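Beneath this line is the structure, given in structure tokens, with notes to follow.
What you see is a predicted model; the values in this text were computed from it and never measured. Chain A is the first sequence line, chain B the second, and so forth, proteins listed ahead of strands; every chain is numbered from 1.
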2 protein chains.
Amino acid sequence: MATIDDVAKLAGVSIATVSRVFNNSPLVSEKARQKVLKAAEELGYKPSMPARSLAMKKTNTIGLIVPDISNLYYAEVVRGIEDVCNIYKYNITLCNADNKREKEFQYIEMLKNRWVDGIIFHCDYFSKEHYEIFENGNIKVVLAGRTTKFDVPYVGIDNFKAAYDAVKYLISLGHKKIGIIHGPLDEMKETIDSVDRLRGYKQALIDNGLPIYDKFIKEANFKYKGGYNAAMEMLKGEMRPTAIFAISDIMAMGAINAVFDSGLSCPEDVSVMGFDNIDLAEATRPSLTTVSQPMYEIGAVAARMLIKMLNGEEIDEYQIILKHKIVVRNSCISPKK
Amino acid sequence: MATIDDVAKLAGVSIATVSRVFNNSPLVSEKARQKVLKAAEELGYKPSMPARSLAMKKTNTIGLIVPDISNLYYAEVVRGIEDVCNIYKYNITLCNADNKREKEFQYIEMLKNRWVDGIIFHCDYFSKEHYEIFENGNIKVVLAGRTTKFDVPYVGIDNFKAAYDAVKYLISLGHKKIGIIHGPLDEMKETIDSVDRLRGYKQALIDNGLPIYDKFIKEANFKYKGGYNAAMEMLKGEMRPTAIFAISDIMAMGAINAVFDSGLSCPEDVSVMGFDNIDLAEATRPSLTTVSQPMYEIGAVAARMLIKMLNGEEIDEYQIILKHKIVVRNSCISPKK
DNA sequence: ATGAAAGCGCTAACAG
DNA sequence: CTGTTAGCGCTTTCAT
């Protein structure tokens with residue numbers, strides 16, 4: 001590969017001039033610029049990023065830590081991130097940490113050693129330990145798809161309110177016995193999706209004078225099978241819900257099939273509501289009424305915010321809550337009298 | 001951030017010794033090693049990758065170009081890649097090129113300037129132009145999920161045979177009127193998924209003395225809606241297939257719903273077969289009989305191969321065809337008499 | 001076993 | 001406007 005020296009020699013100028021040309025410095029005569037460009041063209045020269053990074057202490061790279069890229073939700077968020085990074089000429093280093101603390105910390109450390117300019121971080125729960133690592137490491141970070149009480153930039157949604165709205169909608173339809181299938185709760189810490197959504201669910205019931213039944217609250221693992229099994233159990237016996245709110249579309253798909261396999265029909269006997277609004281939500285039968293979460297936008301906004309931070313630009317809002325909305329399709333109707 | 005100089009000074013040794021310690025050179029006394037380690041610990045020192053990359057002309061980074069990470073298929077492949085890269089301490093730079101040639105070339109150029117050690121490349125069709133760019137740029141590359149006639153390492157599946165086997169299975173069930181929903185054909189170039197699978201479909205019909213009807217061959221865009229529409233058209237009128245082979249599970253899901261919306265039932269009136277075997281294939285009703293493609297493994301094997309190449313290890317097979325298999329579920333049965 | 005010193009390819013004062 | 005030069009943080013001969 002040709003280096004800056006080769007170009008300088010061929011163009012008959014100093015390496016400083018070559019550097020200037022490639023950094024769009026105005027301090028170069030048009031003549032010199034042309035000579036340099038021609039020589040570079042001839043040699044197929046392009047500046048070496050590693051060398052440039054070392055000299056400028058800036059890599060133009062953003063580290064991306066997600067639990068699992070093969071999860072539809074994160075894949076969509078990452079797509080949003082990548083698109084805006086591409087616009088601003090940033091690159092992405094992708095890391096799958098599986099929500100394991102140890103892996104997360106390891107990756108953060110590694111990204112730091114690689115001098116990434118900043119990190120966009122995803123996890124199920126942002127702990128004090130996380131906070132301290134970023135703080136002490138002096139690492140620029142923005143949390144995506146998650147809120148936190150710590151003083152860290154983030155962009156997410158209001159999970160409490162989203163669940164509250166979902167349940168309120170179900171109640172407005174006339175449902176009084178509403179079940180929920182949530183995910184792992186991890187000691188009920190706030191800002192965990194499952195915990196906040198469960199709280200929203202309960203509050204909506206309370207605010208509408210409805211009782212909370214333990215039997216209608218089931219935990220699953222965010223997978224199809226988990227949603228299926230949880231719904232099956234909920235549907236067993238006399239006392240059963242007329243509506244089930246699963247806090248992910250995938251689990252909701254499991255719930256719909258569980259309704260059918262219980263000899264009931266959806267939505268006639270049991271309404272099912274999802275969360276996320278993945279592409280396939282309209283492909284289920286019945287198509288899924290769900291809480292829409294702006295996944296692509298979460299990624300895009302997070303990336304834009306981080307890049308602004310890196311450029312030292314003014315930022316009006318470091319903690320952004322994006323709007324969710326209820327997408328009404330066919331899986332939820334009023335209960336039979 | 002502490003540098004190698006800081007450590008050397010604090011440990012009372014030269015930077016060469018510090019370097020040796022961090023590169024596990026045996027040429028260091030135990031005493032010196034301890035001093036260095038202690039000093040490094042104290043300063044929180046870790047070698048800077050950009051500096052190291054520049055000195056060694058090796059970045060320990062692999063470039064990854066995919067059409068679209070938010071596509072379930074690629075997300076799964078990438079997960080496989082990431083997992084093995086992680087084991088071998090390689091990092092991944094992710095690029096979404098949307099199958100656009102211009103974007104692909106741009107990313108390849110950029111990855112080259114970043115001195116990535118190698119590239120794992122995904123695209124719908126590997127052209128001569130691609131070949132030449134990698135060849136002339138002297139870039140180590142392995143194609144994932146795709147075969148090619150060019151002399152480039154790859155790991156993929158035999159799409160012709162996979163489709164052939166799928167249709168053969170349908171025929172063995174007794175079907176004689178079999179439709180196919182394929183993707184874009186792009187001038188019928190070989191090694192494009194759609195083209196090869198369509199060829200496999202036709203050959204299977206021919207080999208079994210079955211006629212090929214144009215009406216039973218529809219193109220769609222690999223999306224749910226596309227599969228739905230294509231199937232709807234195919235099902236219109238008197239002459240309709242008793243089985244539909246969609247070359248992606250997502251399109252197959254569309255086809256299943258189209259069957260229902262045509263007033264028919266699946267699989268009783270029309271069997272539907274998919275391709276890929278994504279997680280959700282078991283969540284459809286009826287659950288989807290499909291051709292399973294080892295997505296995670298394609299990624300993992302490609303990554304392992306590239307890393308071997310980077311290490312200069314001997315490789316027995318540069319062009320690997322992984323096995324597909326028919327996964328029988330409930331969407332395909334024998335046709336009614 | 002250890003250190004001095006010359007790069008790796010580029011940027012950024014500084015001087016002219 | 002241009003060139004010289006001193007780094008950026010690390011690896012790697014080459015002596016010792």
| query | Are the aromatic rings of A:F126 and A:Y154 close, with centres under 6.0 Å apart? | reply |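 A:F126 vs A:Y154: aromatic centres not under 6.0 Å.
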
d([atom1], [X]; [atom2], [N]) in whole Å:
X: B:I15; N: C:dT2; atom1: CD1; atom2: P; result: 15 Å
X: B:K9; N: D:dC10; atom1: NZ; atom2: P; result: 13 Å
X: B:M56; N: D:dC8; atom1: CE; atom2: P; result: 21 Å
X: A:W115; N: C:dT11; atom1: CH2; atom2: P; result: 14 Å
X: A:M1; N: C:dG9; atom1: CE; atom2: P; result: 9 Å
X: A:D5; N: D:dT4; atom1: CG; atom2: P; result: 12 Å
X: B:K58; N: D:dT12; atom1: NZ; atom2: P; result: 12 Å
X: B:R52; N: D:dC8; atom1: CZ; atom2: P; result: 19 Å

Is there a side-chain polar atom (N or O) of [X] under 4.0 Å from OP1 or OP2 of [N]?
X: B:T17; N: C:dG3; result: yes
X: B:K57; N: C:dG7; result: no
X: B:S29; N: C:dT2; result: yes
X: A:S48; N: C:dG9; result: no
X: B:S19; N: D:dT11; result: yes

| field | Side-chain donor-acceptor contact under 3.5 Å, A:T61 with B:R114 | value |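 Present: a donor and an acceptor within the cut-off.
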
| said: Hydrogens and angles aside, do B:N86 and A:Y107 bring a side-chain donor and acceptor to less than 3.5 Å of each other? | reply: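 A pair is found: one side chain offers a donor N or O, the other an acceptor, under 3.5 Å apart.
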
| said: Here's a test of your reading of the structure: between B:A51 and B:P26, which maps to the more 5' nucleotide of DNA chain C? | reply: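 First, find each residue's nearest nucleotide; the 5'-ward one identifies B:P26.
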
| message | For B:F150 and B:Y131, take the angle between the two ring planes, folded into 0 to 90°, and tell me which bin it lands in: parallel under 30, tilted 30 to 60, perpendicular over 60. | response |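 B:F150 vs B:Y131 ring planes: parallel.
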
| message | By the definition side-chain hydrogen bond (donor to acceptor under 3.5 Å, both in side chains), identify the one residue from B:K140, B:K58, B:K57 that meets it with B:D117. | response |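 Among B:K140, B:K58, B:K57, the one meeting side-chain hydrogen bond (donor to acceptor under 3.5 Å, both in side chains) with B:D117 is B:K58.
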
Please determine, for the side chain of [X], which listed nucleotide ([options]) has the closest atom?
X: B:P47; options: D:dC10, C:dT2, C:dG9; answer: D:dC10
X: A:A55; options: C:dT11, D:dT11, C:dG3; answer: C:dT11
X: A:L27; options: D:dC10, D:dG7, D:dT2; answer: D:dT2

| With a non-hydrogen cut-off below 4.0 angstrom, is A:V13 in contact with a base, only sugar-phosphate, or nothing? |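 Sugar-phosphate: the residue A:V13, judged by heavy atoms under 4.0 Å, touches backbone atoms but no base.
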
